Amino acid sequence: MYDHQDIEKRNRLHWDTDKVYQTSEDVEKKRCYSLVMFPYPSGDGLHIGHARIYIGADIYARMRRMQGYRVLHPMGWDAFGLPAEGYALKQRKHPQETTKQNIVNFKKQCQLLGLSYDWDREINTTDPEFYKWTQWIFLQLYKKNLAYESHAPVNWCPICKTGLANEDLSNGKCERCDSAIERKPLRQWILRITEYADRLLNDLDTLDGWSDAVKEVQRNWIGRREGFLIPFQVPSAGASIEVFTTRPDTLFGCSFLALSPESRHIDTLLPYCTNSTKIEEYRRESYVAKEDEEVGSGVLLKDVSAIHPITGSTVPIYIARYVVGGYGTGAIFASPAHDERDFAFAKKHDLPIKRVISGDNMLPDTETAPTAILINSDTYDSTPYEKAKVVLAEAAGGRKKVVYRLQDWVFSRQRYWGEPIPLIHCQKCGVVPVPEKDLPVVLPECTSYEPTGTGESPLAAIEAWVSVKCPQCDGMGKRETNTMPQWAGSSWYHLRYIDPSNTTTLTDKEKEKQWMPVDIYTGGMEHAARHLIYARFWHKVLFDINMVSTSEPYTTLKTVGIVQAEGGGKMSKRSGNVVDPLAIAEHVGVDAVRVYLAHIAPFNQTVAWSNKGVAGPRRFLERVYAMREKVKDADTEEKITRLQHQTILAITADIEAYRFNTAISSLMIFTNALREMETVPKSAYSTLIRLLAPFAPYLADEIWHTLGNETSVHTAPFPKADTSLAQDETATIAVQVQGKTRGTVIVPRGSNQETVLEMIQRDTRLHDYTAKLTIKVFVKNKIISFV
RNA sequence: GCCGGAGUGGCGGAAUUGGUAUACGCGCACGACUUAAAAUCGUGUAUCGCAAGAUAUGUGGGUUCAAGUCCCACCUCCGGCACCA
């Protein structure tokens, strides 16, 4: 038995003092920027999910380093935001203090796991020297008119007491505290991400290293739809309502208009309605959080009506919650026979349901025809419906319009623990950006930082901080008191690792060119529609202002599968089934935990933890360790040489593709082969140890030193395969009869059909099977098939 | 409902372009060592069958000399989005 704790301690010390993982800046070398999604340093410390991500990326980075690449493999802390602030509130401490403690703990845990980060490049989003540049980027967005102030209703979490972006919701609830979301008109800073929607969508096609799963999530999230804007006049109010539709072909089936409660048209029409009280009441209710919305709810706007743009007939107008405010124009025309929701509404309010497309409708007991045509549509009858879309849209005075499900990014939070938005409100000059020389705008110290719930940030109460001279007119101004969301720092942090202590710019341009884009980015799937969209957005903005040299930040993306509790299901403190990787490591050693996680399943696949399973990798490592006593300087048998080169090929390819599970299998097969030998040739063993090094860095380095090496195995060259030596000299040919495999014959590699037949004839059993049959197919080195 | 992903032994899983299904590991069984147990080492382990052999990759079809892999239909599970017009 090896003493893992002793080995880990000594080698950690040696790695540290010898700076084994320092980033090489030698531009002659091939480069590898291996980035992991940095964590929010939670009070609970590093969990098994973190471990799986970090270990995977670490295995990759370690192999690249040994292969002679200059490797940038850094780590940092995403420490602003609601979770950090919530934790501090619970502890009744200042977030600055708890964050600091948590980072110390988290960093120690990373080091225990043997992760080969270059700690000289550690970053922290809450460090003023870091968020100075987060604020700087905000100013660039502001200058480019990509940040704007709005008073429109936004998602409001009554528990977190802050406005939230759409991305922060899950099933209409607060993603953090699961409480029902309200709509609240609020002064907000919003980023115009929709301006970049098409580029965010189209450039997905250039990301060959991303999985289709992630790209699909992003495509769906962006939700690009092509349709038309159709104007409906409301003469009595002198107004015109534009509706968005993808189905102008159903215009003749229009039986009402529906407006979202958030539609500005409501304000215009309200004075002309005789039931304005009821409408206002309905509207007010819409802002309150709802568990289950009643199907078909809505109120008629009495005594105002619209004119159908083609037929000229009168169309009633409703206020209805099923129309989403932020999508399209927040107003629709309803064609109940051809839309499920319109149908439900029409049924409830007793409105006409008129079929206008043959076969395509929501009415029961009808079939859907593939080549539908218009019916009940006056002179347009018989027009194919696809064609009718354009024809009727034109007839109605409509125009083409592209809309997105993606909405602009609500970027301000009414909370304390975030980057202050670097703007000043001046009575005379309006909104004035903080001059770049005055950055960072440092988050003020305070004793009480609880959220107020009034729609104002706690910062608003810190008079001494808020009051500031206007940079333009020198008059009295007030600082913007909203802070940035949690996702700000992570939208650009990959650039700071490149040049973490630069005081004049966010990252040196020359260095940026040396390292960007990130070669391989490893993290959780849960960031597919949030961090990964935000970061791509900011990166494109930085590209447009010539701060970065590529339009995409991350070339290859690897997402990790969830580690479930023993026997399946979610780990939770409540069920007491949380697996602490470091507690397990204390018993079996870090290396065994690493090998276990690598071997257990494909990296991106969900997997259940097994306490028993982790014993296997320890056994394996123990065997590798024990074998060193049989190692002698000796010639290697051909068989072993061949297997060795095959193993190198397999493992190299597997690590490159994040197939760690099969890499470990190959390593075990090679180990088992060596174990059968009386004496193990030193060269083979040395190869084994270097192949093992990325997976089990502690034990590998320990053994490496006992083999007489002075320096670390982690700076030793990774084994290179000789393809010609990896070739088998024989081939096993499957003999199939009528599609069934009846046996095999072994022949020299590359043998022709005649040789194979000869071998079959020597085997009486196979000979009997095949004697009267003819050869249908012969594939060299693989198969011979008789019928 | 829409969009993705996946169904292979008792369990986690393996299988270049269709070419010997079940590698590797866990578990289990038996054996060796031991007074004994643990650990370790060895052997075996898809199912049925004494055997020859037959049957097996979610279900049902199809293409092919040959299908886990390709095509069609369906079922189940997981993830994402969801009153998005």
Side-chain angles (χ1 to χ4, degrees), chain A residues 1 169-172 211-221 223 225 227-228 243-248 250 258 260 293-297 320-335 338-342 344-345 403-407 525-526 528-529 561-562 564 567-568 595-596 599-602 604-617 619-620 622-623 626 653 659 661-669 671-672 675 732-745 765 773-787:
Chain A
M1 286 276 279
L169 309 191
S170 151
N171 285 323
S211 71
D212 289 334
V214 175
K215 288 199 264 192
E216 267 315 294
V217 168
Q218 293 214 353
R219 284 192 191 103
N220 290 341
W221 190 267
R225 295 283 275 155
F228 297 87
V243 302
F244 175 73
T245 181
T246 56
R247 297 294 305 273
T250 64
S260 157
E293 175 61 292
E294 176 197 356
V295 175
S297 94
R321 278 196 272 277
Y322 84 92
V323 183
V324 175
Y327 184 75
T329 60
I332 61 156
F333 85 79
S335 199
H338 306 284
D339 183 283
E340 222 175 323
R341 296 147 303 176
D342 296 350
F345 194 91
V403 303
Y404 303 92
R405 207 201 70 100
L406 177 76
Q407 294 180 19
M525 183 72 188
E526 70 274 17
I562 291 164
Q564 293 185 327
V595 170
Y596 174 72
H599 186 52
I600 187 167
N604 61 0
Q605 193 168 305
T606 300
V607 77
W609 177 268
S610 158
N611 276 321
K612 269 188 179 163
V614 82
R619 256 197 295 264
F620 161 66
E622 207 67 67
R623 286 166 184 162
R659 288 189 302 253
N661 56 332
T662 47
I664 295 288
S665 294
S666 300
L667 211 49
M668 285 172 168
I669 291 168
T671 304
N672 290 342
R675 224 154 51 93
T732 310
I733 311 280
V735 181
Q736 289 191 349
V737 177
Q738 313 283 16
K740 287 207 161 87
T741 304
R742 292 299 177 182
T744 56
V745 289
R765 206 178 122 266
L773 302 169
T774 54
I775 296 167
K776 176 75 183 182
V777 172
F778 172 75
V779 182
K780 223 181 230 181
N781 301 326
K782 278 194 174 154
I783 201 156
I784 184 160
S785 179
F786 294 87
V787 276

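What's counted below: heavy atoms across the whole structure, side chains too, no hydrogens, waters or symmetry copies. Chain identifiers are assigned alphabetically (A, B, ...) following the order of the sequence lines, protein sequences preceding nucleic acid strands; residue numbering begins at 1 within each chain. Just so we're clear, the structure is a prediction, and the values are computed from it rather than from any experiment.
Evaluation of the salt bridge (Lys or Arg N to Asp or Glu O under 4.0 Å) rule for Arg659(A) yields Asp654(A) as partners, not counting sequence neighbours.
When both pairing distances are held under 3.5 Å, rC33(B) makes no Watson-Crick or G-U pair with any nucleotide shown. Base-pair partner of rG1(B): rC81(B) (Watson-Crick or G-U wobble, both distances under 3.5 Å). Remark: rA54(B) base-pairs with rU47(B); criterion is Watson-Crick or G-U wobble with both hydrogen-bond distances under 3.5 Å. Nucleotide rA6(B) has rU76(B) as its partner under the Watson-Crick or G-U criteria, with both atom distances under 3.5 Å. Partner assigned to rA15(B) is none, using Watson-Crick or G-U wobble distances below 3.5 angstrom. With a cut-off of 3.5 Å on both pairing distances, the Watson-Crick or G-U wobble partner of rC70(B) is rG62(B).
Residue order along RNA chain B, read from the 5' end via each residue's closest nucleotide, puts Ala213(A) first among Ala213(A) and His599(A). Residue whose closest nucleotide on RNA chain B sits further toward the 5' end, between Gly739(A) and Ala601(A): Ala601(A).
At the heavy-atom level, Val607(A) lies under 4.0 Å from the strands shown only through sugar-phosphate atoms. At a threshold of 4.0 angstrom between heavy atoms, the contacts of Gly223(A) with the nucleic acid are absent. Glu622(A) comes within 4.0 angstrom of no nucleic acid atom, judged by non-hydrogen atoms across all strands. Here Thr606(A) lies in heavy-atom contact (under 4.0 Å) with sugar-phosphate atoms only. Residue Val403(A) is out of contact with every strand shown, counting any heavy-atom pair closer than 4.0 Å. Counting non-hydrogen atoms under 4.0 angstrom, Pro617(A) reaches nothing in the nucleic acid. Counting any heavy atom pair closer than 4.0 Å across all strands shown, Ile669(A) reaches sugar-phosphate atoms only and no base atom.
Atom CD in Glu526(A) sits about 22 Å away from atom P in rG4(B), given to the nearest Å. As rounded to whole Å, 16 Å separates atom C1' of rG79(B) from atom CD of Gln218(A). Summarising the geometry, the separation between CG on Asp212(A) and C1' on rG5(B) is reported as 10 Å, rounded to the nearest angstrom. Spacing between atom CZ of Phe620(A) and atom P of rA39(B) amounts to 20 Å, rounded to whole angstrom units. If you measure from atom NZ of Lys612(A) to atom P of rA38(B), you get 13 Å, rounded to the nearest angstrom. Atoms CD (Gln736(A)) and P (rG18(B)) sit 15 Å apart, rounded to a whole Å. Rounded to a whole Å, the CD1 atom of Ile783(A) is 11 Å from the P atom of rA66(B). Protein atom CH2 of Trp221(A) is 5 Å distant from nucleotide atom P of rA82(B), rounded to whole Å.
rG5(B) and rA54(B) have their C1' atoms separated by 35 Å, with the value rounded to a whole Å. Nucleotides rA15(B) and rU57(B) place their C1' atoms 11 Å apart, quoted to the nearest Å. Comparing rU45(B) with rA51(B), their P atoms are spaced 13 Å from each other, to the whole Å. Taking the P atom of each, rC71(B) and rU64(B) are spaced 16 Å apart, rounded to whole Å. Comparing the P positions of rC70(B) and rU17(B) gives a spacing of 10 Å, expressed to the nearest Å. rA21(B) and rG13(B) are spaced 13 Å apart, taking the C1' atom of each and rounding to whole Å. With P as the reference atom, rA39(B) and rA52(B) are 36 Å apart, rounded to whole Å.
Counting only heavy atoms from C-beta on, Thr744(A) has its side chain closest to rU20(B) among rU20(B), rA85(B), rA14(B). Closest to the side chain of Phe244(A), out of rC24(B), rC65(B), rA85(B), is rA85(B). Relative to the side chain of Asn661(A), the nucleotides rU20(B), rG4(B), rA14(B) differ in distance, and rA14(B) lies closest. Here rG53(B) is the nucleotide among rG80(B), rC65(B), rG53(B) with the atom lying nearest to any side-chain atom of Arg765(A). In the set rC41(B), rC65(B), rC24(B), rC41(B) carries the atom at the smallest distance from any side-chain atom of Arg675(A). Checking rA14(B), rC41(B), rA85(B) against the side-chain heavy atoms of Thr245(A) singles out rA85(B) as nearest. Among the nucleotides rC83(B), rU55(B), rU17(B), the one closest to the side chain of Tyr322(A) is rC83(B). Set against rC83(B), rA23(B), rC81(B), the side chain of Arg405(A) has rC81(B) as its closest nucleotide.
Contact annotation: Lys215(A) does not reach the phosphate of rG80(B) (side-chain N/O to OP1 or OP2, under 4.0 Å). Put simply, Arg619(A) has a side-chain N or O that comes within less than 4.0 Å of OP1 or OP2 on rG27(B). Distances shown here put every side-chain N or O of Asn171(A) at or beyond 4.0 Å from the OP1 or OP2 atom of rA82(B). A close approach under 4.0 Å does not occur between any side-chain nitrogen or oxygen of Arg742(A) and OP1 or OP2 of rG53(B). Residue Arg321(A) places no side-chain N or O under 4.0 Å from the OP1 or OP2 atom of rC83(B). Remark: Lys776(A) is in phosphate contact with rC65(B), judged by side-chain N or O atoms under 4.0 Å from OP1 or OP2. Within the structure, every side-chain polar atom (N or O) of Arg219(A) is placed at least 4.0 Å from both OP1 and OP2 of rG80(B). Checking the phosphate oxygens (OP1, OP2) of rA82(B), no side-chain nitrogen or oxygen of Asn220(A) falls inside 4.0 Å. Checking the phosphate oxygens (OP1, OP2) of rA85(B), a side-chain nitrogen or oxygen of Tyr327(A) falls inside 4.0 Å. Considering only side-chain N and O atoms, Thr741(A) lies under 4.0 angstrom from the phosphate OP1 or OP2 of rA21(B).
In this structure, Lys215(A) places its NZ atom where more than 12 heavy-atom neighbours from other residues, nucleotides or ligands lie under 6.0 Å away.
With a 4.5 Å cut-off on side-chain heavy atoms, Gln736(A) and Ile784(A) do not count as touching.
From Phe620(A), atom CZ reaches atom CG of Leu667(A) across 4.0 Å, with rounding to the nearest 0.5 Å. In this structure, Arg247(A) CZ and His338(A) NE2 are separated by 7.5 Å, a value rounded to the nearest 0.5 Å.
Applying the 90° cutoff around 0 to the glycosidic angle, rG9(B) is assigned syn.
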Checklist entry - Between Val787(A) and Leu773(A), does a side chain to side chain contact (heavy atoms under 4.5 Å, CB included) hold up when you go through it step by step? => result CA-CA 6 Å; Val787(A) 276; Leu773(A) 302 169; 5.9 Å; no
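No donor-acceptor pair under 3.5 Å is formed between the side chain of Arg742(A) and the backbone N or O of Arg765(A). Without hydrogens or angle criteria, Tyr596(A) side chain to Trp609(A) main chain gives no donor-acceptor distance under 3.5 Å.
Across all non-hydrogen atoms, the minimal contact from Phe244(A) to Ile332(A) is O-CG2, 4.3 Å.
Below 30°, between 30° and 60°, or above 60°: for Tyr322(A) and Phe345(A) the angle between ring planes is between 30° and 60°, a tilted geometry.
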